[in-house]
Enquirer: 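Here it is: the structure, laid out below.
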Amino acid sequence: MIRTILLTTIVTAVAFVGGCGPRTENIDVHHDTGPAVMGLDYRDFDQAAADMVESLVRSSALKRDRTEPYVVTTGRIVNDTMQRIDTDQLMAKVEQEMMNSGQVVMTSAVGGDGPQDEMIYQARELRYSDEFDQANVPEKGQIVAPELSISGKIIQRNVRIDRNRQQVEYYFQLYLTDLNSGLRFWQNETFIGKRGSSRSVAW
Amino acid sequence: MFRKVVFFAFLASVIFAAGCRNQPPQSRVALADEIRDDVLASNIITRPILQTTDFILGRGMVVTDYTRRRNDAGFTEVQVQGYSQASQVLRFQYQFEWIDADGFVIDSKTNVWRPYSVTPKARWSIRGTAPRTEAVDFRLKTRNWE
């Protein structure tokens, strides 16, 4: 009898505790009311990318008296923060908007971390192979070289305010360089700052 | 009796001054209450009363105008202007929506909520640039900065 009561009590307690746990829910990305975090979340990347693209479009740096768009590659984007950041989180948005603006075409053939798509070169290794119909194999001299390169850096600075509070500063910097002349056509820095408990870990 | 008259006269002048403050600031320079010359509308005695009045009346931002142009690359730029009637810094978020000639909202990664803050009793302007050359119109949404 005692065993049965004990078992029932434990099962009830476990079920009660389980029911009280935080509920999993999808983020409403259009009206996200979630609290800010000391690290970088998707809202920060969205804001930084939007600021960058707007600055570039506003600058008219890509305006030229020709009808075809610029060929652009992404160079090195340095992650100088304490967090493990895939810089594509920022650059994928920037590249997408630049292409959609109609002013540029991105190349996957060359990039700061190697080609975006290795298949460009693997497909060329099929030349002179008797196993492949050569009609679809890319000919020599077909890859279009980039004219402009985007490079940049994400910087983090931690500043201690007092024993209980800290300030974390993030700087997003992008540069657009003409590969032919080496001249920089455009650059922009977006700042995102956060202040909170020093117990929060910003990495 | 005399005290009552003085008190009501003072109260009426404060309310009158508060009403005057409802006008857009004419000067190009917005001096904060704490650093400019004391006037009846904002001296060290009446300031808390006016701030309370502003708070009770729920005074906030007013939009007065917007200007639009096409930049050299063919993108629409807009600048929405107004002034703040509030006695404290107003913090909020805004988002531009860009609309093409067919009335469709242009889907863009730049349509995000951005933080903004407005100086008390000062003019403000928010600037936006369309992400596509097809944009011909815009909408500006705001929400509280939580």
Enquirer: For the pair B/E77 and B/R127, find out whether any cationic side-chain nitrogen is under 4.0 Å from an anionic carboxylate oxygen.
Expert: yes
Enquirer: Sort out for me which of A/V29, A/V53, A/D51 touches chain B most, counting heavy-atom pairs under 4.5 Å.
Expert: A/D51
Enquirer: Could you tell me which portion of A/H30 (side chain, backbone, both or neither) has an atom closer than 4.5 angstrom to a non-hydrogen atom of chain B?
Expert: backbone
Enquirer: Would a distance-only check, ignoring hydrogens and angles, find a side-chain to backbone donor-acceptor pair under 3.5 Å from B/S125 to B/Q79?
Expert: no
Enquirer: Do side-chain atoms of A/K194 reach the backbone of A/V37 as a donor and acceptor pair under 3.5 angstrom?
Expert: yes
Enquirer: Where does A/Q96 contact chain B at under 4.5 Å (heavy atoms): side chain, backbone, both or neither?
Expert: side chain
Enquirer: Can you see whether B/W113 has A/R43 sitting over its ring - NZ or CZ less than 6.0 Å from the centre and within 45° of the normal?
Expert: no
Enquirer: Under a 4.5 Å cutoff for heavy-atom pairs, which residue among A/A36, A/S101, A/P35, A/G102 has the most contacts with chain B?
Expert: A/S101
Enquirer: Using a cut-off of under 4.5 Å for heavy-atom pairs, which of B/G74, B/A130, B/S108, B/P131 has the most such pairs with chain A?
Expert: B/S108
Enquirer: May I ask you to say whether A/E95 pairs ionically with B/K109, meaning some side-chain N is under 4.0 Å from a carboxylate O?
Expert: no
